[in-house]
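Heads up: the structure comes next, in structure tokens.
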Amino acid sequence: MSQSPTDGFNPNDPIGTWRTIRDANLDAWAKGMAALVNTEVFANAIGLQLDTLLAASAPIRQAVNQYMETYLSQINMPSRAEVINLASRLTNIEMRLDDMQVQLDELLQAVHGLAVVASANGAVSPEEAAAGEAEGAAKPRRTRKPATES
Amino acid sequence: MTTQSPPTLDVEQLTHNLYAEMERLGKSTDTLTKLATNRLNVQIGLTPKEVIWTLNKMKLYHFYPQTPPEQRKPVPLLLVFALINRPDIFDLRPGNSFVEYMVRQGYEVYMLDWGRPGPEDAGYDFEDFSLKFLPRAVRAMQRHSGTREFSMCGWCIGATITVIYAAMRPDDGLRNLVLLTAPLDFGNKEAGPFNKWLNTPYYNVDELVRQFGNVPGEIIDYGNKMLKPVENWVLNYLKLWDNLDNPAVVESWLAMNNWVTDGVNFPGAAFRQWIVEFFRENRLMEGTLQMEGRTVDLRNVKASVLNVIADRDHIVPTCQSVTAMDKFGSRDKLLLEMKGGHIGLMVGSGASKRTWPQIEAWLAKRSQ
């Protein structure tokens with residue numbers, strides 16, 4: 001092991017020396033801060049800070065909300081809560097549509113399968129089988145890019 | 001121990017060093033000007049993809065295959081990221097993208113984007129994300145890929161969501177579950193600053209959610225950065241300053257900065273549940289977490305599990321993931337400890353050399 005009495009200091013590279021000192025100081029600062037934020041005292045302080053902020057902003061927020069609600073009602077406009085309620089209902093409708101689309105696709109596939117089987121058994125006329133094929137063709141187009149394009 | 005003599009002043013060397021520094025400053029000024037005038041724009045998430053399903057603000061992406069059909073793996077892979085930040089971290093930059101890597105290995109890769117929740121989404125909790133939205137995305141993926149069996153990879157809170165799904169829907173075709181830095185066990189109240197901050201009686205989560213509806217992404221970002229304040233608010237920018245003359249480092253810094261600063265709001269009900277039922281009451285591990293009127297029992301997880309943890313993860317300490325391994329009902333499970341931090345685990349040269357190949361090798365054996 002070798003050690004220089006001027007570890008980190010090189011008179012020919014003052015900028016490099018400054019960087020070394022800077023990094024060492026910042027490293028120590030970073031470790032100190034990381035230890036500080038991991039203490040109960042800090043946790044309580046940051047919690048208290050947030051709690052105070054929330055307590056201070058609550059009456060202002062409430063007043064603004066009440067004012068806006070009254071104002072929007074006066075000018076015959078829906079309130080924020082009403083728009084939010086409508087948007088939530090739209091999401092529910094969208095979810096039901098998604099389920100219905102899947103069920104419809106499964107139904108069409110089943111009908112298509114039955115038509116093919118019936119056609120193979122000669123139980124239906126070619127025209128009826130073709131109608132079944134056409135229904136099968138109504139299945140939503142897959143959007144996957146063909147392998148040749150990849 | 002030997003003692004070396006101090007270096008003596010060499011005017012030629014000193015001049016050379018100062019000249020090099022001046023040259024560096026000259027190059028840096030150019031980059032700095034571009035940065036200051038917003039002329040350095042680095043885009044992320046560039047691997048070619050298509051949207052195959054949408055619901056509310058959610059989107060399911062399918063990445064175009066880049067290998068011949070005969071080389072493709074038959075079991076598709078679904079990526080699920082956390083409710084905070086964007087999932088683009090899976091696909092950061094060309095050459096530094098997990099998605100790109102897996103697509104080139106022959107996987108059909110799908111990625112679920114939760115979107116940016118609006119005020120109307122404040123009521124959604126983990127039950128909604130795990131058991132209403134995720135199963136529908138899975139169904140869309142199964143229909144698109146034409147296969148019932150699939151692999152899923154969840155990262156951070158995304159891993160928690162996928163674990164709940166795996167426990168509650170064990171027969172829906174999930175074959176392999178890859179967990180990345182998964183926060184699951186909050187029993188150790190001394191593990192990491194988050195545990196201390198969120199368990200203090202002063203932290204009034206109900207009032208926070210009541211006032212904001214969704215918890216703003218800026219608050220989440222502030223909390224994450226506060227874990228290592230000097231690194232995030234000083235050293236991070238110093239790293240950029242020191243490397244302004246290196247375009248590769250600047251580009252990579254900007255890409256990561258774009259992702260970090262693009263936070264999304266945490267849906268209020270999910271946030272409250274996260275703090276109260278997960279962090280404070282540790283219900284998932286205690287076996288008291290109720291969803292759809294049933295208990296979320298980790299013994300119901302039947303898929304093969306790869307649990308990847310990062311040794312220097314300051315956001316999700318390793319103890320929050322490790323102990324869950326004993327609870328999973330899977331016969332095939334592996335804990336993989338990698339070098340790195342919460343994000344560094346999957347991004348950067350270390351990730352492409354170590355983490356991705358190991359995940360891919362594990363999945364490849366189970367994707368035939």
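So that the names make sense, note that chain A is the first sequence line, chain B the second, and so on, each numbered from 1. Keep in mind the model is a prediction, meaning the values are calculated, not measured.
At least one side-chain heavy atom of A/L26 sits under 4.5 Å from a side-chain heavy atom of B/L238. Counting only heavy atoms from C-beta outward, the side chains of A/F42 and A/N38 never approach each other to under 4.5 Å. The closest side-chain heavy-atom distance from B/R169 to B/L134 is not below 4.5 Å. Between B/E218 and B/Y222 the shortest side-chain heavy-atom distance does not fall below 4.5 Å.
Of the listed residues (A/I15, A/T52, A/L90, A/L86), the greatest number of heavy-atom pairs within a distance under 4.5 Å of chain B belongs to A/I15. Heavy-atom pairs under 4.5 Å with chain A peak, among B/R136, B/K57, B/R210, B/Q13, at B/R136. With respect to chain A, the highest number of heavy-atom pairs below 4.5 Å among B/D121, B/L227, B/D242, B/V234 belongs to B/D242. Note on B/K228, B/H16, B/E207, B/K132: by heavy-atom pairs under 4.5 Å with chain A, the leading option is B/E207. Annotation: maximal heavy-atom pairing with chain B below 4.5 Å, among A/N44, A/L36, A/I46, occurs at A/N44. Contact count against chain A (heavy-atom pairs under 4.5 Å) is highest for B/W197 among B/W53, B/Y124, B/Y203, B/W197.
Only the backbone of A/T39 comes within less than 4.5 Å of a heavy atom in chain B; its side chain stays farther off. Both the backbone and the side chain of B/L9 come within contact range of chain A, each with at least one heavy atom under 4.5 Å from a heavy atom of that chain. Both the backbone and the side chain of A/L48 come within contact range of chain B, judged by heavy atoms closer than 4.5 Å. Heavy atoms of B/P229 lying under 4.5 Å from chain A belong exclusively to its side chain. At a 4.5 Å heavy-atom cutoff, the contact between B/F133 and chain A is made by side-chain atoms alone. Both the backbone and the side chain of A/L54 come within less than 4.5 Å of a heavy atom of chain B. Of the two parts of A/N85, neither the backbone nor the side chain holds a non-hydrogen atom closer than 4.5 Å to a non-hydrogen atom of chain B. Neither the backbone nor the side chain of A/V83 has a heavy atom closer than 4.5 Å to any heavy atom of chain B.
One finds a salt bridge joining A/D27 and A/K31 here, because a Lys/Arg side-chain nitrogen approaches an Asp/Glu carboxylate oxygen to under 4.0 Å. The residues A/R80 and A/E69 are annotated as not salt-bridged, no charged nitrogen and carboxylate oxygen being separated by less than 4.0 angstrom.
A donor-acceptor pair shorter than 3.5 Å cannot be found between the side chains of A/N10 and A/T17. Using modelled atom types and a 3.5 Å distance limit, the side chains of B/Q142 and B/R148 yield no donor-acceptor pair.
Judged by the 6.0 Å and 45° rule, B/K49 forms a cation-pi pair with B/Y61.
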